[in-house]
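Comments concern the structure below.
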Amino acid sequence: MKNRLLGIHMIVQNEEHHLPRCLDSLKHHGMECFITDTGSTDRTPEIAKTYGATVLHADWQDDFGHARNISLPLASTEWVLCLDADEYVAHGLDELLNYLPKVHKSISRLRITIENRYGEGVEERVISQPVRLFRAHQGYRYAGRIHEQLVRLGPCRLAQDEVADMNKSESSTDEERVVIEAEPLAPLCLIHDGYLASTIAKEHKPRRNLRLIERELADEPAQPFHLYNLGVTYCQLGQIEQAIEAFRESVHRTELPAPYRPTLVRDYAKTLAGSERYDEAHAILAVERQRYPSYADLHLLYGETLEQQGLEERAYQSYARATDCRKGTDRVEQIVGGSTVDVSYVMEAGSDSYRAYTAMARLAQKRGFLHESAHLYGLALDSMFTYIPAWAGLADVLQQSGETDENIAETLLARCRRNEKSGHGDSIRGEMPHSYAVKNEDHLVQVIYVLAGCGAYEQALKMLDTDACTARIHVADQIHWMMCANKASEALQLAEEHWNVDDVHEVNLPVEHRMDWALACWANGLRLSKAFLATALPQEKNVWKVMDRLLDQLTKEPRSMESASPEQKLMQWGPQAEMVAEKVVEQAVKTGQLTLAEQLHELRALMMRDHWGTAVTLRREFAGLLYRQGYTMVAANILIQCMTESELDAEGLFWLGETLYAKGHNDQALSLFEQALEREPDMRQARAGAAVCYMRMALEAIRQEGGRFPSSESLLAQHTALEQRLRTTESIPWRTLFQAKERRNQLASGTNFPMHDREG
């Protein structure tokens with residue numbers, strides 16, 4: 001017997017991949033289901049019928065609202081739930097079926113929760129609560145070619161009688177009048193992943209959406225809701241300037257009570273911030289966050305714009321304000337235009353919790369409040385235990401605090417144990433035995449990856465040695481960590497054991513894995529093995545053979561490389577060879593094999609030496625690789641050498657200036673920043689660096705004058721004002737950001753220095 005309480009209504013076209021998942025999630029087979037197919041050329045209709053759905057066939061008329069309305073008159077249930085094929089029930093269906101009979105007759109529509117996934121991570125989702133449930137035969141229908149909206153023409157006669165019997169104060173009129181009624185949140189949660197980047201790329205949805213929105217705008221020029229959706233579609237297509245213009249026009253035309261307006265403001269500000277137009281984003285959010293004081297996303301975005309402008313204290317306060325907001329899934333009453341409006345915000349998951357706490361922790365760490373930073377990272381993990389940025393931040397701040405790698409591991413494992421016991425406290429450290437055992441093996445694996453991420457490779461490998469979870473760590477990661485920990489012989493042994501021609505499924509290794517294997521061979525003073533060459537891609541095999549032979553020749557007889565050989569000429573003109581040579585040098589630097597990296601760089605330079613200016617250009621590139629990985633002094637020596645032979649580019653000058661600034665040589669750093677600006681006037685980092693140097697030099701001059709005139713109130717006031725400006729300017733994100741892994745490398749003064757696993 002059919003369930004007469006709830007019916008499912010869908011429109012589909014070529015959804016054979018998504019539809020089974022959606023229908024499988026609707027476990028109650030007695031549920032009425034209408035599926036309107038608008039011209040599928042795959043097995044979608046047949047799949048729908050196997051689930052007992054009634055399939056209606058209709059021509060696609062470029063109108064989602066029209067297609068949705070086809071099945072509504074056929075409903076024989078009390079309630080209608082509208083779904084899309086790329087949605088599925090996460091939880092709450094049983095609760096919903098128990099909830100619906102208890103809904104008061106005065107309520108005719110309900111909201112549900114939808115988690116809109118935009119990435120593969122658990123936290124990469126936006127939470128919305130649209131109206132998807134409504135009573136059948138109460139005058140509801142959909143309007144709009146795209147992003148269709150539920151509207152009400154007017155209740156049927158039965159509904160009118162019921163309204164009269166209940167003396168209901170609500171007035172239901174035609175579409176031109178606003179129907180004000182409660183829309184409670186039903187206990188149903190869906191997951192929607194149809195707009196993942198991978199899905200968008202395959203299905204061309206944004207192009208289709210753009211066509212339909214443009215038709216809507218042709219019928220209703222400058223209609224603000226269509227302009228808003230036009231901006232969203234432009235963002236999906238990567239046309240950011242057009243998106244900003246559409247958002248700006250929509251905000252200008254949208255009335256304050258419009259239910260979509262808070263989300264419009266959020267998306268507009270986020271797009272501006274993503275385009276580094278922080279002043280514009282700041283101007284909008286400074287006003288709008290006051291209008292929507294409980295919207296955590298706006299406070300989070302406002303904090304980001306303030307941080308980019310160097311206003312760190314205010315940014316911290318804005319992040320803290322986000323954590324004070326009720327969750328974005330709550331209904332919030334706002335006074336807008338003199339009227340009370342019920343708002344349900346569209347919110348990025350964690351805006352009022354783990355994202356905001358992590359942002360606060362990052363600022364505290366930057367300003368040197370390391371204990372507070374660790375505490376805040378802990379609060380973020382209390383909110384979302386699997387939030388990787390918080391795990392990475394906690395390990396990073398512990399390393400910066402001088403903790404040994406063993407203590408960092410113990411602290412991370414203690415947090416895992418605390419989570420397993422469901423205990424939440426303020427402490428981030430705990431006494432624990434020298435054992436790595438935790439109940440959940442996933443937690444141990446996560447800790448191992450976090451340790452490797454902060455450069456504690458030796459500690460990560462130790463934990464592998466003492467636990468059976470080794471099999472759960474990809475062998476490629478183990479080999480990479482061994483190379484980074486200067487365990488090249490162990491890395492080579494593991495590679496030869498696991499990557500050989502007998503393991504057919506491993507023949508086509510990703511390029512990074514293949515390079516680690518090659519580096520392991522060369523670091524051990526060996527030539528590339530037959531097993532390695534057997535796994536190389538056909539178009540790269542000769543490249544690897546020649547590079548292997550030339551590197552061996554270079555290390556044994558450097559002088560023999562002075563004249564170009566036929567092999568060199570072959571390598572010189574092959575783009576495949578140049579790409580492999582460039583990538584393998586980069587991988588050698590990443591693994592800390594600097595002596596080998598220098599040899600490979602020299603080999604690459606020899607292969608390309610007939611190109612005018614190539615030698616200096618390649619040295620600058622090599623210095624850039626070193627600098628970004630934290631080998632700042634090694635890179636600076638190379639940059640100085642390049643400077644004596646030729647002009648440095650703006651980036652190289654900035655790196656040298658930054659190195660000198662870190663050592664307190666403000667006048668020399670200033671000269672380099674100004675030279676960088678001569679070559680690249682819009683270089684924001686160099687401009688900020690120059691400003692900071694000027695201020696520091698001015699402060700020193702004021703101090704000297706203050707020594708001569710210690711009672712001068714004018715000098716004291718100038719000194720105080722300038723210090724404040726200096727703090728703001730220094731807070732602008734202009735310096736190269738080094739994390740724990742790079743901080744370890746900054747201790748290296750030469751290529752033979754042991755790079756990794758220094759404690760403290």
Only one of D382, L381, L379 passes side chain to side chain contact (heavy atoms under 4.5 Å, CB included) with Y357; say which it is. L379

Using a distance-only test with no angle check, is there a side-chain donor-acceptor pair under 3.5 angstrom linking Y88 and D193? no

Between N209 and T233, do the side chains contain an N or O donor and an N or O acceptor separated by less than 3.5 Å? no

Note: E245-R248 ion pair, threshold 4.0 Å (strictly below): yes

For Q446 and H443, which I'm curious about, is there any donor-acceptor pair between the side chains at under 3.5 Å? no

Checking the side chain of R253 only, and the main-chain atoms of Q223 only, is there a donor and an acceptor separated by less than 3.5 Å? no

Report yes if the distance between the aromatic ring centroids of Y142 and F64 is under 6.0 Å, otherwise no. no

N98, CG atom: more than 12 neighbouring heavy atoms under 6.0 Å: yes

May I have the step-by-step check of side chain to side chain donor-acceptor pair (under 3.5 Å) for D37 and T44, ending in yes or no? CA-CA 8 Å; D37 186 273; T44 296; 5.1 Å; no

Which heavy atom of H474 sits nearest to which heavy atom of Y449, and what is that distance? N-OH, 3.6 Å

If only atom types and distance count, is the side chain of T77 paired as donor or acceptor with the main-chain N or O of W79 below 3.5 Å? yes

Under the side-chain contact (heavy atoms from CB on, under 4.5 Å) rule, what do L23 and I35 come out as? Steps first, then yes or no, please. CA-CA 11 Å; L23 296 178; I35 294 183; 4.3 Å; yes

Applying salt bridge (charged side-chain N to carboxylate O under 4.0 Å, His left out), run through D442 and R472 and close with a yes or a no. CA-CA 9 Å; D442 289 337; R472 301 189 59 183; 2.2 Å; yes

Audit row: R514, E540, salt bridge (charged side-chain N to carboxylate O under 4.0 Å, His left out) steps and yes/no: CA-CA 11 Å; R514 201 158 50 249; E540 290 183 4; 3.1 Å; yes

D297 bridged to R266 by N-O distance under 4.0 Å: yes

Under 4.5 Å between any side-chain heavy atoms of H9 and C33, yes or no? no

Using a strict threshold of under 4.0 Å (side-chain N to carboxylate O), is an ion pair present between E124 and R117? no

Assess whether a salt bridge exists between E307 and R362, defined as any Lys/Arg side-chain N lying under 4.0 Å from an Asp/Glu carboxylate O. yes

When you compare the side chains of T38 and D59, does any donor N or O come within less than 3.5 Å of an acceptor on the partner? no

Please answer whether the main-chain N or O of D84 pairs with a side-chain N or O of E87 as donor and acceptor at a distance below 3.5 Å. yes

First locate atom CG of L230, then atom CG of L210, and finally report the distance between them rounded to the nearest 0.5 Å. 6.5 Å

For R211, look at atom CZ and say whether over 12 heavy atoms of other residues, nucleotides or ligands are found less than 6.0 Å away. yes

Taking atom types as modelled and ignoring hydrogens, do the side chains of T358 and Y319 form a donor-acceptor contact shorter than 3.5 angstrom? no

To the nearest 0.5 angstrom, please state how far the OG atom of S128 sits from the CG atom of L190. 9.0 Å

Give the minimum heavy-atom separation between R111 and E183, together with the two atoms involved. NE-O, 2.7 Å

On a heavy-atom basis, the closest approach of N229 and I213 is O-CD1, 3.5 Å

Could you walk me through whether H282 and Y302 satisfy the ring-ring contact (aromatic ring centres under 6.0 Å, His included) test, starting with their C-alpha distance in whole Å, then the side-chain angles of each, then the deciding distance to 0.1 Å, before giving a yes or no? CA-CA 6 Å; H282 179 278; Y302 190 53; 5.3 Å; yes

For the pair I70 and H66, evaluate side-chain contact (heavy atoms from CB on, under 4.5 Å) and give the outcome as yes or no after the intermediate values. CA-CA 7 Å; I70 290 172; H66 170 76; 4.2 Å; yes

Test your reading of the model: is there a side-chain donor-acceptor pair from E16 to the backbone of R43, 3.5 Å cut-off? yes

Donor-acceptor pair, H137 side chain versus A75 backbone, under 3.5 Å? yes

Nearest heavy-atom approach of P45 to V55 is O-CG2, 3.9 Å

Under 3.5 Å, is there a donor on one side chain and an acceptor on the other for Y118 and R125? no

Other residues, nucleotides, ligands: >12 heavy atoms within 6.0 Å of R207 CZ: no

Testing the basics here: between C82 and F134, what is the closest heavy-atom pair and its distance to 0.1 Å? SG-CE2, 4.0 Å

Donor-acceptor contact present, side-chain S275 to main-chain T271, <3.5 Å: yes

Would you check if the side chain of T36 reaches a backbone N or O of I11 as a donor-acceptor pair within less than 3.5 Å? no

Looking only at side chains, do R261 and Y228 share a donor and an acceptor under 3.5 Å apart? no

Between D86 and H18, a side-chain donor and acceptor under 3.5 Å: no

Should the pair R135-E78 be classified as a salt bridge under the 4.0 Å nitrogen-to-oxygen rule? yes

Compare every heavy atom of I112 with every heavy atom of L188, then report the nearest pair and how far apart it is. O-CB, 3.6 Å

Under a 3.5 Å threshold, yes or no: a donor from one side chain and an acceptor from the other, between Q309 and D279? yes

Neighbour count >12 (heavy atoms, 6.0 Å) for atom NE2, H17: no

Kindly compute the distance separating CG (D267) from CD1 (I244), expressed to the nearest 0.5 Å. 12.0 Å

How long is the straight-line distance from CG of L217 back to CG of L212, given to the nearest 0.5 Å? 11.5 Å

Only one of R21, H91, E115 clears side chain to side chain contact (heavy atoms under 4.5 Å, CB included) with I191; which? E115

Would a distance-only check, ignoring hydrogens and angles, find a side-chain to backbone donor-acceptor pair under 3.5 Å from Q138 to Y140? no

Going from CG on L100 to CG on L133, what distance comes out if it is rounded to the nearest 0.5 angstrom? 6.0 Å

Looking only at side chains, do S76 and E32 share a donor and an acceptor under 3.5 Å apart? yes

Using the ring centroid of each side chain, check whether W391 and F385 are separated by less than 6.0 Å. yes

Using the six-membered ring wherever Trp is involved, compare the ring planes of Y295 and Y345 and label them parallel, tilted or perpendicular (cut-offs 30° and 60°). parallel

Going from CG on L96 to SG on C189, what distance comes out if it is rounded to the nearest 0.5 angstrom? 12.0 Å

Got a salt bridge between E512 and K583, using NZ or NE/NH1/NH2 to carboxylate O under 4.0 Å? no

Taking N69 for the side chain and R141 for the main chain, is one N or O donor matched with an acceptor at less than 3.5 Å? no

Quick check: do F225 and Q149 have side-chain heavy atoms less than 4.5 Å from each other? yes

With a sphere of 6.0 Å drawn around CD of Q539, does it hold more than 12 non-hydrogen atoms of other residues, nucleotides or ligands? yes

May I ask you to test the Y234-I240 pair for a side-chain heavy-atom distance under 4.5 Å? no

Side-chain H-bond candidate by donor/acceptor type, S318 with H299, under 3.5 Å: no

Taking R145's backbone N and O only, do any of them form a donor-acceptor pair with E216's side chain (distance below 3.5 Å, no angle check)? yes

